[in-house]
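As the structure is a prediction and not an experimental result, all values here were calculated from the model.
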Amino acid sequence: MARKDKTDLSPRTSISATEAEELFAKVDNSGHANEDSAQKQRERRKLKGHGVEVDPLSSDDPSGSNVGTLIQKAAVVLVILFLGGIVFIQFYVSHVRSANTANLSNNVTVGTVADALKGGVEWGGGFTQFPPSFSVQEADENTGRIEVSVVDTTSRNDLVCFSSSQIQATAFSVNSLLNPDIDTVIYHVNVHMSEDGQMQRNSLFGYFKPTGDIKPFITFIWTKTTTSDGEVRFNCTITGLDANLQHLLRDQIMAQVPEVKTDDPRETTYTQYRR
């Protein structure tokens, strides 16, 4: 007699929650039935939390951190602050120089003269800076005189010192003579000289100062006069030049002199500038 199979072959579409809990309680992270390993993993997740699935194509930090975004924002803020600082410094320096120039033409005192020498003055569409080492001997609208002394520590030789000092003296003196109560400006230029008579200057970007004796180099005297018809004249007198410097200047700035080469005076050649 055939044996009757009593097994229920009807398909089950789902299991109860209790059965699912019992089933997965015996399955570890690898998907295999290992009740001991599964128990340890569940305890570890309770202490440290659940892991995070990582999408390798995602730009998000898998840890949930926003450090990258903060760094980007901080970099943008720093760039904006840097550019803003540059604009502010340019505006501030321009304002200071304009104020210094205006002060010389409106109010001459020891303080305003010192501020002009320290911050520079407007000149020729830009500004002229002066040596950082200076002194003010006189600045008085009652006497109509300004007398200052500077120490040049950047020029490499006599010609460079003369050229730069002439520009500085002109910018300072002309701005000062715009004051109706000032008619004389004396601008002394001193330099450091070594024992062998050579001009010394700063080295290593100004960190090392010259140690030679300070000696007078040149003096520019600017005066202002008014003629009977109201014409204002500025005059500059240069004193203190030694014979050697006069010779160097004559050779350096001597204009080209035409030399007659043939009998026809229209055919000429020109000498070269001496270097």
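There is a path of hydrophobic side-chain contacts, each under 4.5 Å, that joins W222 to V232. Linking Ile, Leu, Val, Met, Phe, Trp and Tyr residues whenever their side-chain heavy atoms come within less than 4.5 Å places V150 and V110 in a single cluster. Residues V160 and I167 fall into different hydrophobic clusters, defined by Ile, Leu, Val, Met, Phe, Trp and Tyr side chains chained together at heavy-atom separations under 4.5 Å. I86 and V79 end up in the same hydrophobic cluster when Ile, Leu, Val, Met, Phe, Trp and Tyr side chains are linked at under 4.5 Å. I221 and V174 end up in different hydrophobic clusters when Ile, Leu, Val, Met, Phe, Trp and Tyr side chains are linked at under 4.5 Å.
Counting heavy atoms from C-beta on, the side chains of H192 and T153 come closer than 4.5 Å. Looking at E141 and P180, their side chains never come closer than 4.5 Å, going by heavy atoms from C-beta outward. Between S155 and D152 there is a side-chain heavy-atom pair separated by less than 4.5 Å. Here the side chains of T227 and R233 are in contact, with some heavy-atom distance below 4.5 Å. The closest side-chain heavy-atom distance from F162 to V189 is not below 4.5 Å. Residues I186 and F220 form no side-chain contact, since every pair of their non-hydrogen atoms from C-beta on lies 4.5 Å or further apart. A 4.5 Å side-chain heavy-atom check between V151 and P131 finds every atom pair outside the cut-off. The shortest distance between side-chain heavy atoms of L83 and I80 does not fall below 4.5 Å.
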Report task. Apply side-chain contact (heavy atoms from CB on, under 4.5 Å) to the pair L117 and V136, showing each step before the final yes or no. Result -> CA-CA 9 Å; L117 292 174; V136 181; 4.3 Å; yes
Requested in this report: Start with the C-alpha distance between T109 and N107, add both sets of side-chain angles, then the distance that settles side-chain contact (heavy atoms from CB on, under 4.5 Å), and finish with yes or no.
Outcome: CA-CA 6 Å; T109 64; N107 180 30; 3.6 Å; yes
Report task. Show your working on side-chain contact (heavy atoms from CB on, under 4.5 Å) between F130 and V121 and close with a plain yes or no. Result -> CA-CA 9 Å; F130 302 95; V121 298; 3.9 Å; yes
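Rounding to the nearest 0.5 angstrom, the gap separating the CG atom in N190 from the OG atom in S133 is 8.5 Å. In this structure, CD1 on I214 lies 12.5 Å from CE on M193, to the nearest 0.5 angstrom. With values rounded to the nearest 0.5 angstrom, N106 atom CG is found 9.5 Å from L178 atom CG. Here SG of C161 is found 11.5 Å from CZ of R156. Values are rounded to the nearest 0.5 Å. Distance OH/Y187 to CZ/F134: 10.0 Å, rounded to 0.5 Å. Note that CD1 of I146 is 6.5 Å distant from CG of L104, once rounded to the nearest 0.5 Å.
Across all their heavy atoms, D140 and N142 have their closest contact at OD1-N, 2.8 Å.
Using modelled atom types, no side-chain atom of S173 and backbone atom of T170 make a donor-acceptor pair closer than 3.5 Å. Side-chain atoms of S163 do not come within 3.5 Å of backbone N or O of L159 as any donor-acceptor pair. For K224 (side chain) and L177 (main-chain N/O), a donor-acceptor pair under 3.5 Å exists by modelled atom type.
With 3.5 Å as the limit, one finds a donor-acceptor pair spanning the side chains of E138 and T143.
The side-chain contact (heavy atoms from CB on, under 4.5 Å) search around S135 returns Q137, S149, not counting sequence neighbours.
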